[in-house]
J.: 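Quick one: the structure is below, and I'll ask about it shortly.
Numbering of ligands and ligand atoms starts at 1, following listing order.
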Amino acid sequence: MTPTALNQPALVETVVSYAGMFAILGFIALVIILVFKMERIKDLQAELGKLRRAYNELDNQAKLIVQTDLELHRAQEELDKKVSGLVTLQELTRMISTTLDEEEIFKKIEEKHITALGFDKAAAFTKNPSDDGYSVRIALGYSLDDAGKVMRLLVTHPLIIDKVLEKNKIFASTDTDKAGKEIPRLLALMAVSSFVCAPIMLKNGAIGALLLGSESSYTPLTEGDKDLVYILATQIGEALENAKLYEETWHSHQELEHKIQQRTKELSAALEEIKVISKRKSDFISAVSHELRTPLTSIKGYASIVAAGKLGELPQAAKERIEKINTHSDSLSDLINNLLDISRIESGRVEMKFEPLNIRAMAEALGDMLAPPLKERNLEFVIDIPAPGPTARGDKIQIERVFINLVGNALKFTPAGGKITVRAVQRDDGMVHITVSDTGIGIAEKDIEKVFEEFYRVDNEMNQKVKGTGLGLSLVKYIVEAHKGKITVTSALNKGTSFTFTLPKA
Ligand code: ADP
């Protein structure tokens, strides 16, 4: 027996058992591989799911991008339209806001503007000032007749009356229409496929409306369109308000001018009357003064005869009384002479002899003449006029009186130790300005303007002591004015007073 022959069944068994083992191992391996594959498939499926979701997301985003792009495009178009509308609006605003005539404001709005605003038709109407009716102010794309029909339709339509004319709001064909039929009816009657109606407002509310319509149904009405119409209507309202104000101002100006003319006439008449009265007053003063002068001269004459002892020696007491009669007669005579002078100058009866006057020389002569009283009162007299000094044109005698009065007053109202100064200078106004100032008692603010009035004397201690008539400054003013000059006064209590008068240069 060979080992091979001997072990064959065992070999087969072994082979079979090995084969079985291998088969089992193989099966196990297969199962393991399958399990792994299944896991892989699951993973792949999960991946695929993720990919699908990502794809869907991408797809959605792509759709969104396309949609956004479309919307952007539309927005761009609308923006362009808005910009062009705004440019037109700005141009229109500039034109109408500089117009002050109501008719002209509406005439400035033309068809090209309406087109640029994105519309085809326009109508505007405003309330008549005289009645309750309305008038067509703009008819573009409509005949005047048709615009009239549209206007009558709008002003009687409850929707327009309520929203536009009463609540001052905008009304558009895109607004919700409760009734459902009204807007299509309005559109049909206006022959448009969309419209915007905005109030034309003055300060007190709507006085009319502006209607802009579009025939094409391809261009839908936007909020921007509504805004443009609203702004345009507001601008028209403002321009109308300005025009109204201008007209009112013009009317009140006319009225004022008329009143001024009337008042001027009345004042001229009053002035004439005053002149007549003034002349009568002058005549009266002149007549009375003359009448007084004659008896006064004889009183003085008789008093002198008696005083001279021509009628026998007088007792001392009688002499003193006669002296008083003389002094008082002199004062009365001065007063009468001043009054006569004023009335003569005022009525132009004094003939002025104009000649060149050297003001410095005149002041020096005055200083010489007043040297004794100045010395007696211990007053310094200063002539602050550099030689040769200005030359004025005037009547020597009259200007001397002005100087005597002004310096005389300074002398009276300046306490001992004070100073009186005369200045003169020629100014660019062609006048010589002469100032007499002192360091005296001054004049209170309340009295300062009155000192030129006839018979006005300030109520002060000094005036109770010194004599005076209150006519000196009135006379001075008349003389200066007769020379076409002016006199002014400035003063400070207890510091001093300055009188400045002007005379034409020679
Ligand atoms: P009169 O000197 O006779 O009183 P005027 O007409 O000359 O009359 O002056 C009117 C008044 O103005 C004076 O009474 C005086 O009170 C006031 N006045 C005039 N000049 C001066 C002056 N230089 N300083 C203070 N007061 C003055």
J.: Does a salt bridge link Glu453 with Lys450, judged by any charged N lying under 4.0 Å from a carboxylate O?
T.: no
J.: Got a salt bridge between Glu364 and Arg360, using NZ or NE/NH1/NH2 to carboxylate O under 4.0 Å?
T.: yes
J.: Using a strict cut-off of less than 4.0 Å between a Lys/Arg side-chain nitrogen and an Asp/Glu carboxylate oxygen, indicate whether Lys244 and Glu247 qualify as a salt bridge.
T.: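 Salt bridge flag = no for Glu247 with Lys244.
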J.: Would you be so kind as to tabulate the donor-acceptor pairs closer than 3.5 Å made by side chains of residues 442-449, with sequence neighbours excluded?
T.:
unit_1: Asp447; atom_1: OD1; unit_2: Tyr456; atom_2: OH; d: 2.5

J.: Is the ring pair Phe195/Phe171 parallel, tilted or perpendicular, if the boundaries are 30 and 60 degrees?
T.: tilted
J.: Could you go through ligand 1 and list every pair where one of its N or O atoms sits under 3.5 Å from a protein N or O, giving the atom names and the distance to one decimal?
T.:
unit_1: ligand 1; atom_1: 2 (O); unit_2: Asn409; atom_2: OD1; d: 3.1
unit_1: ligand 1; atom_1: 2 (O); unit_2: Lys412; atom_2: NZ; d: 3.0
unit_1: ligand 1; atom_1: 3 (O); unit_2: Thr469; atom_2: N; d: 3.0
unit_1: ligand 1; atom_1: 3 (O); unit_2: Gly470; atom_2: N; d: 3.1
unit_1: ligand 1; atom_1: 4 (O); unit_2: Arg457; atom_2: NE; d: 2.7
unit_1: ligand 1; atom_1: 6 (O); unit_2: Gly472; atom_2: N; d: 3.4
unit_1: ligand 1; atom_1: 6 (O); unit_2: Leu473; atom_2: N; d: 2.8
unit_1: ligand 1; atom_1: 7 (O); unit_2: Asn409; atom_2: OD1; d: 3.4
unit_1: ligand 1; atom_1: 7 (O); unit_2: Asn409; atom_2: ND2; d: 2.9
unit_1: ligand 1; atom_1: 7 (O); unit_2: Leu473; atom_2: N; d: 3.4
unit_1: ligand 1; atom_1: 8 (O); unit_2: Gly470; atom_2: N; d: 3.4
unit_1: ligand 1; atom_1: 14 (O); unit_2: Asn463; atom_2: ND2; d: 2.9
unit_1: ligand 1; atom_1: 16 (O); unit_2: Val458; atom_2: N; d: 3.3
unit_1: ligand 1; atom_1: 16 (O); unit_2: Asn463; atom_2: ND2; d: 2.9
unit_1: ligand 1; atom_1: 20 (N); unit_2: Asn409; atom_2: ND2; d: 3.4
unit_1: ligand 1; atom_1: 23 (N); unit_2: Asp438; atom_2: OD2; d: 2.9

J.: Walk me through it: do Tyr478 and Phe452 pass the test ring-ring contact (aromatic ring centres under 6.0 Å, His included)?
T.: CA-CA 10 Å; Tyr478 281 119; Phe452 295 108; over 10 Å; no
